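All ligand and atom numbering here is 1-based and tracks the order in the structure. In this chain, residues are counted from 1 in sequence order. Computed from a predicted model, the values in this text were never measured in an experiment.
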Amino acid sequence: MRVVRVAAAQIGGISLRESRAEVVERLLALLEQAAGAGCGLVVFPELTLTTFFPRYFHEDVARTDPFFEAAMPGPETQPLFDAAARLGVGFHLGYAERVEEEGRVRRFNTAILVSPAGEIVGNYRKVHLPGHSEQLPDAPFQHLEKRYFEVGDLGFPVWRAFGGVVGMCICNDRRWPEAWRVMGLQGVELVALGFNTPETNIHHREPAHLRMFHHRLSLQAGAYQNATWVVAAAKSGDEDGHRLIAGSAIVSPTGEIVAEASTEGDELIVHDCDLDLGADLKRHVFDFARHRRPEAYTRITAQTAATRPA
Ligand code: ING
């Protein structure tokens, strides 16, 4: 058994008015609580340092710069890294990354994996950007990730960390089986992900129960079909009148939800994840070497949109 005690740290909404310092205080409180519970890894949500700013339209994209981190760690996030090293607890953190590369400004929806020594061991940039790039004037709010972020250019890497093989994805990525399978093909044993999922669908009428159903379904399918643990942390609750679903959860490689948040606020859920629990599934049902038939899957990378028969 290779047991790592993991926490999903749900964050109950971040207001436009809240400073990074105030947010970091909330994160530190959960990190301390997780350390007190004996955790080795804490998973924070997507874009956890600010409000979910893609809900607001800005003609000039540079107006979103205040929501981005120009350095990680930066002066306001350094306390998280210091606490990780002091407490011996690693963490996953989602944030908006602004870098100047090849002579131009690039902006990504990013997540990092930080070791219990407070060192960044992994970076991931969100590949599946949902929503739209132009303003939808009639929508109750916007979802402008395609406007404010570039598509992630790092693929879906995994890292040897926390005694196993750890991967990351971000929010909408969880709805795409390809993301999970690319990590599964690298032997992933635990996927950390954060999400900010609006309660309301701005595109069409959707029964309320489907938001949480599709969220759980995506996590459980990804976990089971790749025999991996999943630790998913929500930014949830109210953000200046806009509501995000909660449902932070820890899912076992068998696809079972073993822990789930019961509030919409700041909440820690903890579970002892035995990284060997998926071994039998990987050796039998999902022995990729014996059962997969890539020659039958060529459409998956050969085309983007669906094409119907004539
Ligand atoms: N949010 C949502 C998510 O994928 C969404 C957007 C909701 C897309 C429901 C499709 C259906 O959970 C982010 N930030 O990706």
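Clustering ILVMFWY residues whenever any of their side-chain heavy atoms sit less than 4.5 angstrom apart, transitively, puts Leu193 in a cluster other than the one holding Val42.
The aromatic rings of His58 and Tyr148 sit tilted relative to each other, their planes meeting at an angle between 30° and 60°. Aromatic ring pairs are classed by plane angle as parallel below 30°, tilted from 30° to 60° and perpendicular above 60°; the pair Phe91 and Phe81 is perpendicular.
Geometrically, Arg107 engages Phe68 in a cation-pi contact defined by less than 6.0 Å to the ring centre and at most 45° from the axis. The cationic group of Arg55 does not satisfy the cation-pi geometry with Phe141, failing either the under 6.0 Å distance to the six-membered ring centre or the 45° limit from the ring axis.
Using a 4.0 Å cut-off between charged nitrogen and carboxylate oxygen, Glu100 and Arg98 count as a salt-bridge pair.
For ligand 1, residues of the protein lying within 4.0 angstrom by heavy-atom distance are Glu46, Phe52, Lys126, Pro130, His143, Glu145, Cys171, Asn172, Arg174, Arg175, Asn196, Thr197, Arg211.
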